[in-house]
Every structure is written in structure tokens, then in C-alpha cells.
Amino acid sequence: MAFSSLAAVSALFAARHVSAVLMVNELAVTPQMGWDNWNAFGCDVSADLLQGTAERIVEIGLKDAGYHYAVLDDCWSDGRYSNGSLKPNFEKFPNGMAAVADAMHDLGLGFGMYSDAGRYTCGQYEGSLGHEEIDAKTWASWGVDYLKYDNCYNDGQSGTAEISYNRYEVMSKALNATGRQILYSMCNWGQDHPWDWAYLIANSWRATGDIYDSFDRSDVRCPCENKDGIDCAFPGFHCSVMNIINKVVWFIHRSQPGGWNDMDGLEVGNGGMTDDEYKLHFTMWAALKSPLIMGNDIRTIDAKSYSILTNPAIIALNQDPAGASMQRRWRYYVSPTDAYGGGEIQMWSGNLAQGDYVMVLLNAANQDMHMNATLADIFVDNGGAQSAEAKGSWDLYDLWANRMPDSVANRILGANSTANATEYLYNATAKSYKEGIMANETLLMGKHIGSVKGLGTVSAVVPKHGVMAYRMRPKTASTYKRDEL
Ligand code: GAL
């Protein structure tokens, strides 16, 4: 590697060894990937929905792209048996939950379930507060691999980090005591700053209120957008993509291998945003190391949503072994009369494994924008203009330029088969993202579009509500060519 960032990167890896010791388990060394029914279906759940979705996840290559867990959200239960254990709703799940878990396992997927660290779930079904041990045992006996654990009706047991920690720790211990490997996905909406403590007990924690399928619509039910959400007392719901991005910015660096800030499930494919907005949503969730949990109807997925969710160069940001979130380097309002709600542009950058960097130009203004990112700003953490990184030259790879064409996506979706799509689809079952990244697999790199020389500027026209996303790779002096943008 060309620059002094070698020292920084080895320090990073050394630090990661320490956090590896703190990991609750080895289940989320990189953010978990999968599907959850909530965003598209809410309470309308059934064994048929899970079966149909899971089969398609496998058939159209989403499993091989890395989407491993099929997660059943709220509204699956029907009270408790007289022995105290949770009873499934047999109308929705005629053969019970173990049968569903078996079916998911037969397809090579992990099975996730949902409960709540309260008296009831948010949908007012049985909660698990006070029943942690028996519920964890029940899920383990059914073959559950993942628990999403919500926060409604918690009997007022929140308000300090310690109270929330203690409440969520009971389930962490109960899951561990089962002896089954169960990924623990906390869902307390960022209350009591879980990024300060949840990595000790969980694999991920919801950092913000519930997402809504909107790019930047203001909604009173998801407040604090103008304060950037610092210490917002109300996590809320109906939170737009930009609302969530602007709220996590302050603590997003607190993710680490084993424990991740969860920005909520994806809305790609649910119809409320434009293609550029969905690309932005997916890029930011990936590069901020949120779990990538699809939230659309996979059985009817369209070509454009499919080519977003399978873009290997973007997923590679999420599954990068360095496990570091990118950071926002600057933000400007485009129009003073439009202080939120769309009138802003941002630049984000961060380090990846292999000495690479990611840089994203984000345009949330209501018009296409010509945007510039100087190397001094991209490498501000390394010392800005004084740094060897800013003075060095970099190859640039556009992470969306090789997006699968609609014709290819439609062929895959029509045939329910991924035959002849290796040009666009990465198979992480055959070779993990980590191995692929270390081997510089072209699919994971994006398209080489040129380079930028020392103290130069990366410029691009970024579409309205869109992103340009780049992988930057250090160029050695000997290979430097004058083809900068
Ligand atoms: C919310 C949670 C959502 C969903 C819903 C189910 O609290 O944040 O993701 O699980 O409950 O009722």
C-alpha cells in the first residue's frame, strides 16, 4: 500500500482484535443480510408468505448475493399455552413454527422471529418481558436462528442506559443459555443510546425510529429532523430516508464487527421512491454498515429493485472486512428557504480493507447538482491537504456504472433462474465477500472510470435525490497516468 494509511489501517485491525473479544457471538462479523416481512406486509403474515418468499430468494440468486435470513416479524402468535410457552397462530402457520424453520433450513436460509422486551409486542400480541428463558428455549427448540426484539409496552423500563441494558441483557443471556447460535437484533429505536452499550449483548440495535417508504417527507410522527436528531426524545415512526441518515451521523462510527447500528429494513421495491432515491437509500445503508434486510415483496420484485439489491459493488461496501462506517465530511444547504426537506448536499468518505476508500456524493437537493469533493476533504481524518493520502493519486471506480441492465434482470425474474448472469451477480456462497474483496474480484470493485491526482478534486453531476459512489484505490507513482477526471 502506497501511503502512511498503512499504519492507520493496522491500528484499526489491532483495535478490531480487541472488539472481537467483546463480541457476543461470531454471527455478525459483518452486518447481517436477509429479508423481513414488516415493511411490505405488516401483520399479514403466514407460512405461505414465508415459503413463497424464501423459494424465490433462492431461485433468483438473492441468497447467493448474501441475503441469508428470512425474518418473520410481529403478529405470528396466539397467546401462551398453559405451561407458559408461546403458542403460534395455527391459522397463519398450520404446521407450527418448527415446520417453517425446517423449510427455511431446507432452502439453506436462516430463520428469524420477532418478539418484544415488554408486556406486549407493538401489534399487541404476547411480549417476552418476564418470560425470557422459556421463550428463548421455545425458539431454540423450533430451530430459530435470529431474534428481532422490540421495545413496545415495556412497563416504563427505559430512560437510562442501565435500565434498558438490563432489560435487553436478560434476553441476551437467555439466548446464549440455549446453546443455539441465535443472532440477536435489538429493536429499541435508539432509546437510551444503544450504540454506547448494546455491542456487549447484541449483534445489532435499531438506532432510529421506524422507516417509511419516503425519501425526505417531513412527518410530525418522526420529529427532530431540524436538530439532526441529537438526543431526540421521540424515535417515532414514518421516518424518511434522509431523516434517518441525518440522525445516525453523530454515532454511526460506533458500529463495529459483531455489533451494528441498524437503520431499519430496506424500502427498495415498495414503490414510494424514485429509482435514484432507492439507489441512494441502498448505497447509504450499505456504506453506513446497517444490516441489509430487504423489506419488499420478493415474489413480485421488479427489474430495477432487483438490480439495486444485487449490486455487488455496493454490497461489498457493507460486507467489507474492515467493518468501518464512512463519515459525513460536509453538508451544505442548497436553498436557505428549504432548510430540510430536500435542499442539501453531502459528501461522505471512509476507509475499506485493502487500503481502499469509499467516497459518496449525496444530492438531496431538488435539482441535479454539479458536486466537487477535494482529496483534502475526503482525507480530512488523515490530515487533510497535508496528508500523504491527499497528496497521492487514486484510481476511481464507479460503483453503479456496472449495474445490471433491465433486460438481464427481467430474464432472471422471468425464468426464475440466474443462468448466464455471472457477469452481474456475485455468488457469495461460492466465495465470501471477504475473499472476493481480498482477491480484487472485478464485480466487487465497480467500473474503473479514471483517476484523480494529488490534491485534486473528484467532480460529478449527481442526479436529483441521487448519489455517485466511488471506490478509491491508491495508485503507485509508477502506474500514474494523466487520465484524471
Ligand atoms: C415496531 C418496529 C418495527 C416492527 C413493528 C411491528 O416497533 O420498530 O420494525 O417490528 O414494531 O409491530
Side-chain angles (χ1 to χ4, degrees), residues 31-46 49-50 53 69-79 86 88-89 92 111-129 135 139 144 146-158 164 167-168 171 183-192 194-195 198 202-214 219 221-224 229 232-241 243-244 247-248 260-268 270 272 281 285 290-297:
Q32 68 265 29
M33 295 176 66
W35 173 84
D36 177 297
N37 66 266
W38 181 256
N39 287 353
F41 298 94
C43 276
D44 193 9
V45 293
S46 67
L49 172 65
L50 281 158
T53 302
Y69 294 102
V71 183
L72 167 61
D73 212 284
D74 202 356
C75 315
W76 59 266
S77 69
D78 182 19
L86 282 165
N89 179 322
K92 297 173 180 172
F111 179 46
M113 288 193 72
Y114 163 101
S115 190
D116 189 291
R119 200 179 279 247
Y120 310 109
T121 71
C122 297
Q124 303 182 337
Y125 292 80
E126 280 289 315
S128 293
L129 189 64
D135 290 355
W139 297 319
V144 169
Y146 182 119
L147 176 68
K148 173 175 174 180
Y149 202 40
D150 216 339
N151 194 30
C152 284
Y153 301 101
N154 61 30
D155 283 357
Q157 292 185 46
S158 66
S164 285
R167 180 164 49 95
Y168 276 91
M171 183 55 84
L183 190 150
Y184 186 30
S185 159
M186 273 177 44
C187 179
N188 82 331
W189 324 309
Q191 271 187 352
D192 299 327
W195 43 88
N203 295 113
S204 63
W205 49 89
R206 272 278 298 286
T208 38
D210 282 23
I211 194 171
Y212 186 67
D213 188 13
S214 153
D219 193 305
R221 289 162 292 186
C222 188
C224 309
C232 183
F234 303 105
F237 62 115
H238 281 241
C239 302
S240 71
V241 160
N243 179 304
I244 292 173
K247 277 182 178 159
V248 300
W260 308 99
N261 282 292
D262 178 355
M263 296 162 71
D264 205 354
L266 296 161
E267 293 284 3
V268 177
N270 282 334
H281 170 31
W285 263 235
S290 176
L292 293 181
I293 305 294
M294 302 180 291
N296 56 323
D297 186 347

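Everything numeric in this text was worked out from a predicted model, so none of it was measured. For ligands, and for the atoms within them, numbers begin at 1 and follow the listed sequence.
Atom 9 (O) of ligand 1 has its closest protein heavy atom at Lys148 NZ, 2.7 Å. Looking from atom 8 (O) of ligand 1 to the surrounding protein, the closest heavy atom is Asp210 OD1, 2.6 Å. Nearest non-hydrogen protein atom to atom 12 (O) of ligand 1 is Asp74 OD2, 2.8 Å. At the top of the distance list for atom 2 (C) of ligand 1, counting protein heavy atoms only, stands Asp150 OD2, 3.3 Å.
Numbered from 1 in the order shown, with element, the atoms of ligand 1 that lie under 4.0 Å from a heavy atom of Trp189 read 7 (O), 8 (O). Numbered from 1 in the order shown, with element, the atoms of ligand 1 that lie under 4.0 Å from a heavy atom of Cys187 read 2 (C), 8 (O).
Geometrically, ligand 1 and Trp38 share no nitrogen or oxygen pair separated by less than 3.5 Å. Checking only distances, Asp73 does come within under 3.5 Å of ligand 1, N or O to N or O.
Taking CG of Asp192 as the start and OH of Tyr168 as the end, the distance is 10.0 Å to the nearest 0.5 Å. To the nearest 0.5 Å, atoms CD1 (Ile293) and CG (Asp36) are separated by 7.0 Å.
Under a 4.0 angstrom heavy-atom cut-off, Tyr114 registers as being in contact with ligand 1.
Ring pair Tyr184/Tyr149 is tilted by interplanar angle, where 30° to 60° counts as tilted.
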**Request:** May I have the step-by-step check of side-chain contact (heavy atoms from CB on, under 4.5 Å) for Trp260 and Ser290, ending in yes or no?
**Result:** CA-CA 6 Å; Trp260 308 99; Ser290 176; over 6 Å; no

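When side chains are defined from C-beta on, Phe111 counts as touching Leu72, because their heavy atoms get closer than 4.5 Å. For the pair Leu129 and Tyr120, the minimum side-chain heavy-atom distance is 4.5 Å or more.
Each of Asn37, Asp150, Asp73 was evaluated against Tyr114; a single residue qualifies, Asp150, per the side chain to side chain donor-acceptor pair (under 3.5 Å) test.
When heavy-atom distances to ligand 1 are checked against a 4.0 Å cut-off, Cys75 has no atom that comes that close, whether in backbone or side chain.
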